[in-house]
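Computed from a predicted structure; not experimentally measured.
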Amino acid sequence: MNLKKNKKTIENSELATVKQLFPENTGELLVEEMYKFIELEHLYESAIREVKTKLEILDSEFRTKYSYNPIHHIEDRLKSPQSIFEKLHRKGKAFSVESAKKNLYDIAGVRVICNYIDDIYTVADLLTAQDDVKLVKRKDYISFPKTNGYRSLHLVIQTPVYLSDNKEEVYVEVQIRTIAMDFWASLEHELKYKADTNVSSELADRLKACAETIAATDAEMQEIYKTLKELN
């Protein structure tokens with residue numbers, strides 16, 4: 001490892017955040033732990049690639065066997081060091097790489113966008129059935145939507161990442177939703193971000209009504225697809 005190169009990648013803002021949130025961490029030990037967070041990014045990026053490859057293989061197999069792709073597209077994101085530090089602080093956990101690996105399930109995230117509702121559960125079942133994938137947590141916000149109307153299937157899985165000298169089991173959060181669910185969630189997030197404040201109860205009701213309309217459309221499109229499939 002080129003230690004000097006890694007030193008340059010540590011942002012002053014990140015150091016300032018850590019010193020503010022974890023004042024008990026100072027001096028060389030703090031800097032050394034920051035180096036470890038740089039290496040952590042590579043570990044979680046590798047986990048994302050592992051999960052995306054699994055999903056792409058499943059989708060490709062469906063295309064070969066059934067002339068159909070259940071996955072419309074796949075997105076991914078890696079939580080920034082700043083966000084990791086802030087979440088550790090909110091959860092009352094220690095500032096360390098080991099603490100982050102143990103206590104945070106969403107450092108690595110993969111979002112799977114499917115065509116239909118049934119595809120969501122098909123993809124989830126096939127992914128978690130693989131021998132080297134361990135299902136840690138499952139939250140079904142499709143069967144039980146959030147109060148604001150949000151719908152998606154959330155999985156926390158562990159997947160192995162093989163490094164040069166060891167194997168690590170890494171948490172990855174996988175969100176699986178339809179195109180319509182993703183459309184609503186993206187716009188709802190954008191609207192709240194732009195408002196930069198709590199959305200009024202009237203607007204919240206309107207957003208929830210939109211979610212209900214989109215859910216009904218999702219269900220109807222699923223039925224239309226099934227009918228057409230039966231005719232063929």
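- Between Tyr150 and Trp184, the ring planes are tilted. Angles from 30° to 60° get that label.
- Between His73 atom NE2 and Ile179 atom CD1 the span is 8.0 Å, to the nearest 0.5 Å.
- A single hydrophobic cluster is not seen to contain both Val136 and Tyr141; linkage of ILVMFWY side chains at heavy-atom distances under 4.5 Å, directly or through other members, places them apart.
- A donor-acceptor pair under 3.5 Å is formed between the side chain of Thr227 and the backbone N or O of Glu223.
- By the rule that hydrophobic residues join a cluster once side-chain heavy atoms approach within less than 4.5 Å of another member, Leu127 and Ile142 end up as members of one cluster.
- Between the CD atom in Gln222 and the CG atom in Asp118 there is a gap of 3.5 Å [rounded to 0.5 Å].
- In this structure, a donor-acceptor pair under 3.5 Å is absent between the side chains of Gln175 and Ser152.
- For the atom pair CD1 of Ile74 and OG1 of Thr53, the computed distance is 9.0 Å after rounding to the nearest 0.5 Å.
- Listed for the Arg177 side chain is no donor-acceptor partner under 3.5 Å among the backbone atoms of Ile117.
- Not one N or O on the side chain of Asp119 forms a donor-acceptor pair closer than 3.5 Å with the backbone of Cys114.
- Note that CE of Met181 and CD1 of Ile176 are 11.0 Å apart. Values are rounded to the nearest 0.5 Å.
- When each of Val161, Val51, Ile157 is checked for a side chain to side chain contact (heavy atoms under 4.5 Å, CB included) with Val170, only Val161 meets the rule.
- Using a distance-only test at 3.5 Å, with no hydrogens or angles considered, no donor-acceptor pair links the side chain of Glu188 to the main chain of Leu207.
- Salt-bridge annotation for Glu39 and Lys36: absent, with no side-chain N of the basic residue lying under 4.0 Å from a carboxylate O of the acidic one.
- Val156 is not connected to Val112 by any chain of hydrophobic side-chain contacts under 4.5 Å among Ile, Leu, Val, Met, Phe, Trp and Tyr, and they are in different clusters.
- Other residues, nucleotides and ligands place more than 12 heavy atoms under 6.0 Å from the CG atom of Asp165.
- In the hydrophobic clustering of ILVMFWY residues, with side-chain heavy atoms under 4.5 Å counting as a link, Leu153 and Leu135 come out together.
- Clustering ILVMFWY residues whenever any of their side-chain heavy atoms sit less than 4.5 angstrom apart, transitively, puts Val110 in a cluster other than the one holding Tyr105.
- Looking at heavy atoms from C-beta onward, Ile107 lies in side-chain contact with Leu78 at the 4.5 angstrom threshold.
- Of the inter-residue distances, the one linking Leu104 atom CG with Leu40 atom CG reads 9.5 Å to the nearest 0.5 angstrom.
- Relative ring orientation between Phe37 and Phe85 is described as perpendicular, the plane-to-plane angle rising above 60° on a 0-90° scale split at 30° and 60°.
- Between Lys167 and Asp132 there is no salt bridge, since none of the side-chain N atoms of the basic residue sits less than 4.0 Å from a carboxylate O of the acidic one.
- In the displayed structure, Arg206 atom CZ is contacted under 6.0 Å by at most 12 heavy atoms of other residues, nucleotides or ligands.
- Lys52 and Glu75 are not joined by a salt bridge, as no carboxylate oxygen comes within less than 4.0 angstrom of a charged side-chain nitrogen.
- Proximity of a side-chain donor or acceptor of Asn115 to a complementary backbone N or O of Asn69 within less than 3.5 Å is detected.
- Centroid-to-centroid, the aromatic rings of Tyr68 and Phe62 stay 6.0 Å apart or farther.
- Taking the side chain as every heavy atom from C-beta outward, Glu169 and Lys134 never approach each other to under 4.5 Å.
- A salt bridge is absent between Glu98 and Lys93: the closest approach of a Lys/Arg side-chain nitrogen to an acidic carboxylate oxygen does not fall below 4.0 angstrom.
- By the 4.5 Å heavy-atom criterion applied to side chains, His42 and Leu163 are counted as neighbours.
- Judged by distance alone, the side chain of Ser99 and the main-chain N or O of Phe95 form no donor-acceptor pair under 3.5 Å.
- In this structure, CG on Leu58 lies 6.5 Å from CD1 on Ile71, to the nearest 0.5 angstrom.
- Using modelled atom types, one side-chain atom of Glu33 and one backbone atom of Val97 make a donor-acceptor pair closer than 3.5 Å.
- Heavy-atom contacts from other residues, nucleotides or ligands closer than 6.0 Å to NZ of Lys137 number 12 or fewer.
- The closest side-chain donor-acceptor pair between Ser46 and Arg49 falls under 3.5 angstrom.
- Between Arg151 and Asp218, none of the side-chain N atoms (NZ, or NE/NH1/NH2) sits under 4.0 Å from a carboxylate O, so this pair counts as no salt bridge.
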